[in-house]
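Every heavy atom of this structure was used, including side-chain atoms; hydrogens, water molecules and symmetry mates were not.
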Amino acid sequence: MFHANKGTFYNLFENKSEFMYHMMIHERNRAKEKLLSYLNDSGKLTKDSLRDYLKWLSAENPNVFAFLTDTEKKRLIAS
């Protein structure tokens, strides 16, 4: 695992809220790209490809917010 000091973090992000925002965008884009990779030549999902995407989605769990408590969600929204 990569460890950086606090100064390095703030060279990359203004604050923790900005980091969370960029993390959300990154994970959303990753899930979208993965979904697009499951589309057939007609741009549609088959039952099998939908099943496979849902398996990936549940295994990868790109939704980092699924594990936040209500208090954490309120705090994030307030930020």
Side-chain angles (χ1 to χ4, degrees):
M1 179 174 210
F2 174 76
H3 295 281
N5 65 30
K6 193 173 184 177
T8 302
F9 177 85
Y10 288 107
N11 285 334
L12 301 172
F13 303 99
E14 218 174 281
N15 53 45
K16 291 177 187 174
S17 295
E18 183 185 0
F19 169 73
M20 286 298 293
Y21 171 77
H22 286 282
M23 195 166 119
M24 276 187 336
I25 298 299
H26 171 77
E27 292 300 329
R28 183 191 67 187
N29 289 339
R30 192 169 76 103
K32 181 181 176 184
E33 288 172 17
K34 190 69 170 180
L35 176 61
L36 292 175
S37 76
Y38 283 104
L39 299 179
N40 65 18
D41 292 338
S42 301
K44 299 187 185 231
L45 281 172
T46 64
K47 285 182 182 181
D48 289 338
S49 61
L50 176 59
R51 182 199 66 234
D52 293 343
Y53 176 70
L54 292 174
K55 279 184 181 178
W56 174 82
L57 196 60
S58 64
E60 277 296 309
N61 197 8
N63 182 2
V64 295
F65 301 101
F67 299 105
L68 293 178
T69 65
D70 288 339
T71 303
E72 291 168 329
K73 289 175 190 175
K74 287 176 185 174
R75 184 174 174 198
L76 183 60
I77 290 168
S79 295

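- Counting heavy atoms of neighbouring residues, nucleotides and ligands inside a 6.0 Å radius, atom CZ of Phe13 exceeds 12 of them.
- Between Arg30 and Glu33, none of the side-chain N atoms (NZ, or NE/NH1/NH2) sits under 4.0 Å from a carboxylate O, so this pair counts as no salt bridge.
- Contacts of His26 classified as ring-ring contact (aromatic ring centres under 6.0 Å, His included), with partners at least two apart in sequence or in another chain: none.
- Here CG of Leu54 is found 4.5 Å from CG of Leu50. Values are rounded to the nearest 0.5 Å.
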Listing, residues 35-42 side-chain donor-acceptor contacts under 3.5 Å, not counting sequence neighbours, or none:
| unit_1 | atom_1 | unit_2 | atom_2 | d |
| --- | --- | --- | --- | --- |
| Ser37 | OG | Lys34 | O | 2.5 |
| Asn40 | OD1 | Ser42 | N | 2.9 |
| Asn40 | OD1 | Gly43 | N | 3.1 |
| Asn40 | OD1 | Lys44 | N | 3.0 |

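- In terms of modelled atom types and a separation under 3.5 Å, the side chain of Glu18 and the main chain of Glu14 share a donor-acceptor contact.
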Taking it one step at a time, do Lys55 and Arg51 satisfy side chain to side chain contact (heavy atoms under 4.5 Å, CB included)?
CA-CA 6 Å; Lys55 279 184 181 178; Arg51 182 199 66 234; 4.0 Å; yes
